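If you're wondering where the values come from, they're calculated on a predicted model, not measured in any experiment.
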Amino acid sequence: MPSTQDQVVSKSESATPTATFRSLLVHAEPAGRASARVRAAAALAKVFGARVIGLGAETFDATPTVDPFFGYAAGDWISLVHEQINADLKAAEAAFHKDAAGAETEWRSTRAFPGRAMASVSRAADLIVASPPGRLGASLSVDPGELLMNAGRPVLIVPEGGEAPHARAVVIGWKDAREARRAVADAMPFLQRAKDVIVAAVCEDDALDEARFQAEDVAAALKRHGAPARAHVSAKPADGPARELARLAQANGADLIVMGGYGHSRFAQWAFGGVTDELIHRPPCSVLMSH
């Protein structure tokens, strides 16, 4: 069975790739909670000749009180929490170096909310590798939607337990919006190494002609950058664009979807549902998003 590194598309499989990633950022956690995404980041780093920056970040919400007796107990409790955070950060560092073995690595740690810390450290990275939202809360885990909105970097969401995408076939979820154009540019290191890039537009019946023109326009632009792109246009199905993109990826052997995220406000996505939230929470394969 091929290893994760073997499954990732190699540099030699593309004639003249010019775009690349030089640094990847990943949130590291103790107890193996981040093993899959750290291994995915390491596999990609080996392909692109990149460095993996592992970030350990953890904090807690201090509860203010006016009770003087509770204050003494709280002081002892806070001391114990700090000790636990120190232990967790050390365990996260050990797990990171184990899971990223063989890749060039850099370790950083901080006592801060992980999402905020990741957004800040993303200044040193070209790509953030993340997982679907966890259940541990903001003091322990990272919300990829928060990263997408605040980091200013593309976010690659790897399904739980998934591996790095080999990206020989890639589906682009195209919508003529700033976020989608940004995502296409950010994904260029993958697109130039792919064997098949499908620019997929999913739209209402009365917009098919315009969508086809736009998708072919994007495909032509990608070809000028050495990406083997083609257009695919389909009418919006009853179960929504996200499911259509998932079906298209499966039918064409694609393990990477590229798309813009939160073209509408994040609140609107949360309140009414949307493609971004569906693919963040239930990615059928790896999904690269930009905002």
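- Leu208 has its side chain within reach of Cys203: a pair of non-hydrogen atoms, C-beta onward, lies under 4.5 Å apart.
- Remark: side-chain polar atoms of Ser122 are paired, donor with acceptor, to backbone N or O of Ala151 under 3.5 angstrom.
- Side-chain contact between Leu140 and Glu58: present, with at least one pair of heavy atoms (C-beta onward) separated by less than 4.5 Å.
- Under a 3.5 Å cut-off, the side chain of Asp255 and the backbone N or O of His166 do form a donor-acceptor pair.
- Looking at heavy atoms from C-beta onward, Leu279 lies out of side-chain contact with Ile157 at the 4.5 angstrom threshold.
- The backbone N or O of Ser131 lies less than 3.5 Å from no partner atom in the side chain of Arg37, so there is not a single donor-acceptor pair.
- The two residues Phe190 and Ala167 make their nearest non-hydrogen contact at CD2-CB, 3.8 Å.
- Listed for the Asn252 side chain is no donor-acceptor partner under 3.5 Å among the backbone atoms of Ala254.
- Of the inter-residue distances, the one linking Ser120 atom OG with Leu55 atom CG reads 9.0 Å to the nearest 0.5 angstrom.
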Working for side chain to side chain contact (heavy atoms under 4.5 Å, CB included), residues Ile128 and Val142: CA-CA 11 Å; Ile128 299 172; Val142 173; over 6 Å; no
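- Between Pro132 and Pro283 the shortest side-chain heavy-atom distance falls below 4.5 Å.
- Put simply, the side chain of Met289 reaches to within 4.5 Å of the side chain of Ile280, judged on heavy atoms.
- Taking 4.5 Å as the limit, every side-chain heavy atom of Leu156 sits out of range of all side-chain heavy atoms of Leu24.
- The backbone N or O of Met149 sits nowhere less than 3.5 Å from a side-chain atom of His291 that would complete a donor-acceptor pair.
- Using bins of under 30°, 30° to 60° and over 60° for the plane-to-plane angle, the ring pair His97/Trp107 lands in the tilted bin.
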Applying side chain to side chain contact (heavy atoms under 4.5 Å, CB included) to Arg111 and Asn86, what does each step give before you reach the verdict? CA-CA 9 Å; Arg111 292 169 172 272; Asn86 285 336; 2.5 Å; yes
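- Formation of a donor-acceptor pair under 3.5 Å by the Asp126 side chain with backbone atoms of Ser23 is found in this model.
- A donor-acceptor pair is defined here as one N or O able to donate and one able to accept, closer than 3.5 Å; such a pair exists between the side chain of Gln192 and the backbone of Thr18.
- The two residues Leu288 and Ala187 come nearest to each other via the heavy atoms CD2-CB, 4.1 Å.
- The ring pair (Phe, Tyr, Trp, His ring centres under 6.0 Å) search around His82 returns Phe60, not counting sequence neighbours.
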